[in-house]
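This report refers to the structure that appears directly beneath it.
Chain letters run A, B, ... following the sequence lines, proteins first and then strands; every chain starts at 1.
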There are 2 protein chains.
Amino acid sequence: MMRGLPALWAEIRVNGMQSQQSRVLVQLRDLILKGAFAPGERLAEIPIAERLDASRTPVRLAFATLEQEGLVQSSPSGGYVMRAFTRKEIDDAIAVRGVLEGMAARLVAENGLTRQMQEDMNDCLRLGDEALAAPELTIDAYADYVEMNNRFHDLLLKFADNAALTRAIELNNRLPFAAASATLPMHSSTGDGRQWLLITHNQHRSILHAIERREGTRAQALAMEHVEVARMNLRHAYETADESRGLMPALRLLSRP
Amino acid sequence: MMRGLPALWAEIRVNGMQSQQSRVLVQLRDLILKGAFAPGERLAEIPIAERLDASRTPVRLAFATLEQEGLVQSSPSGGYVMRAFTRKEIDDAIAVRGVLEGMAARLVAENGLTRQMQEDMNDCLRLGDEALAAPELTIDAYADYVEMNNRFHDLLLKFADNAALTRAIELNNRLPFAAASATLPMHSSTGDGRQWLLITHNQHRSILHAIERREGTRAQALAMEHVEVARMNLRHAYETADESRGLMPALRLLSRP
DNA sequence: CTATTTATGAATGAATGCAGTGTCAAGCGA
DNA sequence: TCGCTTGACACTGCATTCATTCATAAATAG
């Protein structure tokens with residue numbers, strides 16, 4: 001890039017962008033998860049650097065991180081290649097998430113909820129109630145539910161108060177379709193999307209109920225079972241892959257079974 | 001470094017060293033885990049680059065990876081700082097390892113062992129028998145046991161056949177004292193080291209027994225309990241921190257309780 | 001016409017130069 | 001003597017340059 005820009009960066013930095021490194025990392029990860037690259041495609045530094053308006057250095061830094069996250073893999077002949085994800089990989093990652101979130105739920109149950117925690121979780125559930133109140137599921141209500149869902153899982157993790165657990169789940173969630181809300185949109189096109197959300201919402205309620213009663217094993221089992229919905233959604237996505245492609249471009253990252 | 005060296009690199013590369021990037025990453029991680037830097041210490045690029053005989057670029061790359069691994073943290077004012085690890089963090093990571101290895105054991109039990117797998121695991125246990133056969137524990141026997149221990153856990157993970165699980169455990173094991181064999185040496189100075197190894201070895205045997213009988217829940221419970229020895233060793237290390245410092249320099253990475 | 005070899009070019013890995021900023025210390029003022 | 005200010009040094013972040021390697025394509029030989 002041009003040499004005169006540093007003065008501009010200060011301005012950019014104030015506007016919320018920290019550095020080229022993090023900006024490139026976030027934007028590149030976003031591109032990948034939006035399916036901008038085909039599996040197996042060579043990720044050349046120069047075009048990407050130009051596309052993100054940075055030099056090759058921060059792009060290389062981002063690649064190092066993305067490789068750790070498992071989104072790209074380094075080619076033996078140098079450079080990086082877009083990864084493909086098999087169905088088994090995603091399924092396995094969902095299973096791992098089940099185990100880890102089960103652990104989180106158990107820990108919270110065992111440690112007990114403070115008054116504040118209880119209020120936060122209940123607020124969260126209330127938002128879900130509101131999102132699902134109407135008999136017809138609008139797009140906005142859908143977005144609200146997804147946000148609530150993320151918040152519920154984040155709160156559980158936060159209250160579990162285990163940094164290693166948080167790290168493990170965050171790594172796991174980097175894989176496409178492994179995160180809690182990643183598979184939710186798959187049913188939004190079909191009419192029965194609301195049905196599924198009602199089911200998962202009820203599961204949330206049961207988990208909180210178990211936690212409140214300090215039933216650790218029950219909370220754990222419920223949280224593990226909770227991810228089965230994600231697995232079903234994934235299967236649905238595979239079966240209707242061709243129609244869903246337009247809605248979820250990241251589906252192209254899944255290798256054909 | 002000097003420009004004329006590339007010709008030499010080719011030679012080095014043939015000798016097993018892949019690239020500056022990986023070499024610097026491995027060596028720097030090694031330095032960190034050997035306690036070469038004090039917690040909170042600023043990790044300046046230039047001295048480290050000179051120390052590892054590379055330029056600043058691969059060092060920066062390595063920092064990016066090590067930050068992902070949680071060994072260093074980026075300072076808000078730029079650059080990287082050596083992390084300190086609290087006892088709770090290590091304890092939590094050991095708990096996470098217990099849950100993940102419990103999952104691995106359960107998966108292997110549920111999927112069943114092939115003849116080959118069974119032989120591999122039994123070979124592994126036999127090596128442990130041999131290492132512990134003598135009434136007195138020599139240093140060599142100790143090393144053999146540690147190697148066997150690593151192999152046992154690796155085999156379990158391999159047979160579980162779940163890439164996400166492997167990734168999660170590997171990330172977890174990057175933390176000092178969180179990995180399976182990381183806390184084993186702590187008792188080696190004391191006389192009762194062999195006692196503990198006998199206990200963990202027996203646990204291995206029980207886990208395999210449960211797996212062979214496809215008792216998934218039992219295998220999982222045993223694997224979870226198995227990490228308690230690590231937690232005890234960690235406590236022992238904290239209590240005898242001052243004497244053990246010479247044996248395990250990485251102990252200085254633990255922040256004072 | 002096909003296969004092998006060579007040559008050219010593009011892209012990576014590594015090093016270095018440059019600008020900006022943070023930090024530390026010394027000096028000055030109160 | 002203590003605190004504040006200012007200046008200098010050092011270090012980071014980024015861009016760019018350089019050398020090597022890999023891949024692709026073309027040309028020649030069989």
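Within the nucleic acid shown, Arg60(A) comes within 4.0 Å of at least one base atom, counting heavy atoms only. Heavy atoms of Thr57(B) sit under 4.0 angstrom from at least one base atom. Residue Leu43(B) is classed as a sugar-phosphate contact, given heavy-atom separations below 4.0 Å to backbone atoms only.
Leu52(A) places its CG atom 16 Å from the C1' atom of dA15(D), with the value rounded to the nearest Å. Regarding Arg56(B), its CZ atom lies at a distance of 12 Å from the C1' atom of dA15(D), rounded to whole Å. Rounded to a whole Å, the CG atom of Leu25(A) is 14 Å from the P atom of dG13(D). Per the geometry, CD belonging to Glu45(B) stands 6 Å off P belonging to dG13(D), to the nearest Å. Taking atom CD1 of Ile46(A) as the reference point, atom P of dT16(D) lies 12 Å away to the nearest angstrom. Rounded to a whole Å, the CZ atom of Arg23(A) is 16 Å from the P atom of dG13(D). Arg42(A) places its CZ atom 11 Å from the C1' atom of dT21(D), with the value rounded to the nearest Å.
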Checklist entry - Where do Glu41(B) and Arg252(B) land on the salt bridge (Lys or Arg N to Asp or Glu O under 4.0 Å) test, with the steps shown first? => result CA-CA 12 Å; Glu41(B) 180 178 343; Arg252(B) 70 189 291 213; 5.1 Å; no
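Arg56(A) contributes no side-chain N or O that, together with a main-chain N or O of Glu45(A), makes up a donor-acceptor pair within less than 3.5 Å.
Along DNA chain D, the nucleotide nearest to Pro76(A) and the one nearest to Leu61(A) differ in position, and the one closer to the 5' end is contacted by Leu61(A). In terms of position on DNA chain C, the residue among Pro58(B) and Pro47(A) whose nearest nucleotide sits closer to the 5' end is Pro47(A).
Using a 4.0 Å cut-off between charged nitrogen and carboxylate oxygen, Lys158(A) and Asp154(A) do not count as a salt-bridge pair. Between Asp161(B) and Lys88(A), at least one side-chain N (NZ, or NE/NH1/NH2) sits under 4.0 Å from a carboxylate O, which counts as a salt bridge.
Within the 4.0 Å cut-off from OP1 or OP2 of dT12(D), not a single side-chain nitrogen or oxygen of Gln21(A) is found. In this model, the phosphate group of dA23(D) is approached by a side-chain N or O of Ser77(A) to a distance below 4.0 Å at OP1 or OP2.
The line from CZ of Arg97(B) to CG of Leu175(B) is 11.5 Å long, rounded to the nearest 0.5 Å.
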